[in-house]
Amino acid sequence: MASSSSSGLTFKLHPLVILNISDHYTRVKSQSQPPQNGAESTASPLPRVLVASSAFRGDGRSRSSTASSSSTTPPPTPSTVPSSRKNRNSVNKKVFPNYYILGWYSTGSEAEESDMQIHKALMDINESPVYVLLNPSINHTQKDLPATIYESVANTFCSCGLINATLELHVIDGIPQLIFVRSSYTIETVEAERISVDHVAHLKPSDGGSAATQLAAHLTGIHSAIKMLNSRIRVLHHYLLAMQKGDIPCENSLLRQVSSLLRRLPAIESEKFQDDFLMEYNDTLLITYLAMLTNCSRTVAGLV
Amino acid sequence: KGIKKYSAIDKWSTQLKSLNLTITNRVC
Amino acid sequence: SESDAIFHYDEAAQANNVLLDSTRCSDSTAEKVSSLAITLRNVTFECLRSWRHGGLDLLGGNVSKVKNDSSDMGLAEFLSDEEGGQVGRLENVVGWYHSHPGYGCWLSGIDVSTQMLNQQFQEPFLAVVIDPTRTVSAGKVEIGAFRTYPEGYKPPDEPVSEYQTIPLNKIEDFGVHCKQYYSLDITYFKSSLDCHLLDLLWNKYWVNTLSSSPLLGNKDYVAGQISDLAEKLEQAENQLAHSRFGPLIAPPQRKKEEESQIAKITKDSAKITVEQVHGLMSQVIKDTLFNSVRQ
């Protein structure tokens, strides 16, 4: 396997795809290893889920993986993949005309030789399909998402949060062969998706609650994000102090990045921003004032 | 820019004024 | 683990569920069906993903069958799809969900008739409605799960659960059918892998939490809400104006109606204000964080 992709494509993965894979895997696992009175599963190997469908939206040099759908749970053979995918493709095309099948996903720790067969079979539908691999083993010490995206050379766009692997053609022993290459990706969320991920992650109440509850929930979210920012800055600060003391070797690229980041602050200092900011501020105060007057009208009407 | 919002706010304030006038008339 | 045990499909238990619900009588069985935990994750995401198209999908059966913007009788054919079994989803279809972008979580006339029809033929069955626009505006997930009463059944008068803003152009549809269904409590479950992945996802999307601007993202919706509020005010004012001698001769019920109309308008205005203030708070906090630094 080559080390990294040089395709230049950017990949963005939405959390929905990751959680769909997780859901699929959990269902298969629970069926193959039924729970026994709350006891932990035995040490038998975890089932491998193979799903030959992913719906993605393409947009120039960027691919967004926004959804996924299951087609077959038992490992699809290369011969069965195209027909099942064509069926799914036609359905998806009617509903989401801008979406098309970008690749497939599976679970496991590493891409296997057999995955290449399925990958090649999917090349009938997409010249350069993307292969997303999620590692379902839970390791609390890891900080990165256990997902990898592999892409193919012809279609090096892949926006999956998982590891992207690019397929490149290599000549090995005189025979041209395709191999998987990892690609980097970023997590992308739309606002509504972010709110629902946060909601599910922290199980906030979905009913109205009082205004105080809403305010508390809102401020808690911001507080958590600022806390994360603070912890990242502290880590950087300690690292730079250690560099200054000489405990760790000096890393010029990091120093340049930090310097450039610091020089970008204040983030926005233009007159136009101040005007827009104050306008939004005053609009909110105006709406608050009008709401207060409406409340006063209600009180007077009730009195009358 | 923001013309929809401001016209909606303008409508709100106009209706509020009209409502207050009606309530005042009821008092009198 | 216990959290993953719920994903195990037990055919006998499913059969019991069906039996339990088919024996229910005409009174509200909210307590019986509220134990149907739904995966908020899939419901929310699928609806939010397709919110521009008014997405519609099945719960607990087919994973990704989506139909654009329709909840008419065509759904009956849609629901009979057997593909769920082919993808290894052993669970029965237990409901359907769709989105009401910007106008709240409730069942319209078409939704009620669709749900009633399905409840006749398959139980348990529920309808889930999600509002992605209000989700973004309020900063919390707007979702509701409902079941209809049997046709002709008159439910006992219950106190209104939670007031929600209904736009003026939908208020008639809401009012006519609001007594024909009841809402269910929603509980959520996550697998152990879900919990782990969500924790790791937070390490990525906390940036989006800090960078989001609710004030700027939903301007059209807010303008629509304010405009709707102004129209409701006009209606209330007309009603008051026509009862010029109201304080003297209006019956108590009419006075109560007028008051409750203005009270509802006040609640709507408070809701808009709260959302705007929350958005402004985010902006002020970000301005303090990133713009008050000096070299």
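Just so we're on the same page: letters track the sequence lines, and every chain starts at 1.
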Assign the ring pair A/His140 / C/His196 to parallel, tilted or perpendicular, where the plane angle (0 to 90°) is split at 30° and 60°.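 Because their plane-to-plane angle is over 60°, the rings of A/His140 and C/His196 count as perpendicular.
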Nearest-0.5 Å distance, [atom1] of residue [X] to [atom2] of residue [Y]:
| X | Y | atom1 | atom2 | value |
| --- | --- | --- | --- | --- |
| A/Leu293 | C/Thr266 | CG | OG1 | 11.0 Å |
| A/Leu219 | C/His278 | CG | NE2 | 6.5 Å |
| C/Leu233 | A/Thr294 | CG | OG1 | 5.5 Å |
| C/Thr209 | A/His223 | OG1 | NE2 | 13.5 Å |
| C/Lys264 | A/Arg298 | NZ | CZ | 13.5 Å |
| A/Asn295 | C/Lys267 | CG | NZ | 11.5 Å |

Measure distances from [X] to the heavy atoms of chain A and classify the residue's part below 4.5 Å as side chain, backbone, both or neither.
| X | value |
| --- | --- |
| C/Asp287 | side chain |
| C/Leu197 | both |
| C/Val207 | neither |
| C/Ile226 | side chain |
| C/Leu201 | both |

When [options] are compared by non-hydrogen pairs under 4.5 Å with chain A, the top option:
| options | answer |
| --- | --- |
| C/Met281, C/Gln276, C/Gln164 | C/Gln276 |
| C/Leu229, C/Asn203, C/Leu216, C/Ile272 | C/Asn203 |
| C/Leu280, C/Asp199, C/Val277, C/Leu210 | C/Leu280 |

Can you find a pair of side-chain heavy atoms, one from [X] and one from [Y], that are under 4.5 Å apart?
| X | Y | result |
| --- | --- | --- |
| C/Phe290 | A/Leu229 | yes |
| C/Leu200 | A/Pro146 | yes |
| A/Thr213 | C/Lys140 | no |
| C/Thr273 | A/Thr284 | no |
| C/Trp206 | A/Arg232 | yes |

Closer than 3.5 angstrom, by distance alone: can the side chain of C/Asn291 be matched with the main-chain N or O of A/Ala267 as a donor-acceptor pair?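 At least one qualifying donor-acceptor pair exists.
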Using a 6.0 Å cut-off, check whether atom CZ of A/Phe273 has over 12 heavy atoms from anything other than its own residue.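 Yes - once you tally the heavy atoms of other residues, nucleotides and ligands closer than 6.0 Å, there are more than 12.
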Salt bridge (Lys or Arg N to Asp or Glu O under 4.0 Å) partners for C/Glu237, two or more places apart: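 For C/Glu237 there are no salt bridge (Lys or Arg N to Asp or Glu O under 4.0 Å) partners, ignoring immediate neighbours.
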Residues C/Lys219, A/Glu280: salt bridge by 4.0 Å N-O rule: yes
Intermediate values then yes/no, side-chain contact (heavy atoms from CB on, under 4.5 Å), A/Met228 and C/Trp202: CA-CA 9 Å; A/Met228 283 294 277; C/Trp202 169 245; 3.5 Å; yes
side-chain contact (heavy atoms from CB on, under 4.5 Å), that's the test. Do C/Ser282 and A/His218 meet it? Break it down for me. CA-CA 9 Å; C/Ser282 305; A/His218 175 74; 3.3 Å; yes
Quick one: closest heavy-atom pair of C/Ile262 and A/Ala301, and the distance?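 Taking C/Ile262 first and A/Ala301 second, the nearest heavy atoms are CD1-CB, 3.9 Å.
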A/Ile222, A/Asp283, A/Leu290, A/Thr299: which one forms the most heavy-atom pairs within less than 4.5 Å of chain C?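 Among the listed options, the one with the most contacts to chain C is A/Ile222.
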Distance-only donor-acceptor check, side chains A/Ser22 and C/Asp194, under 3.5 Å: yes
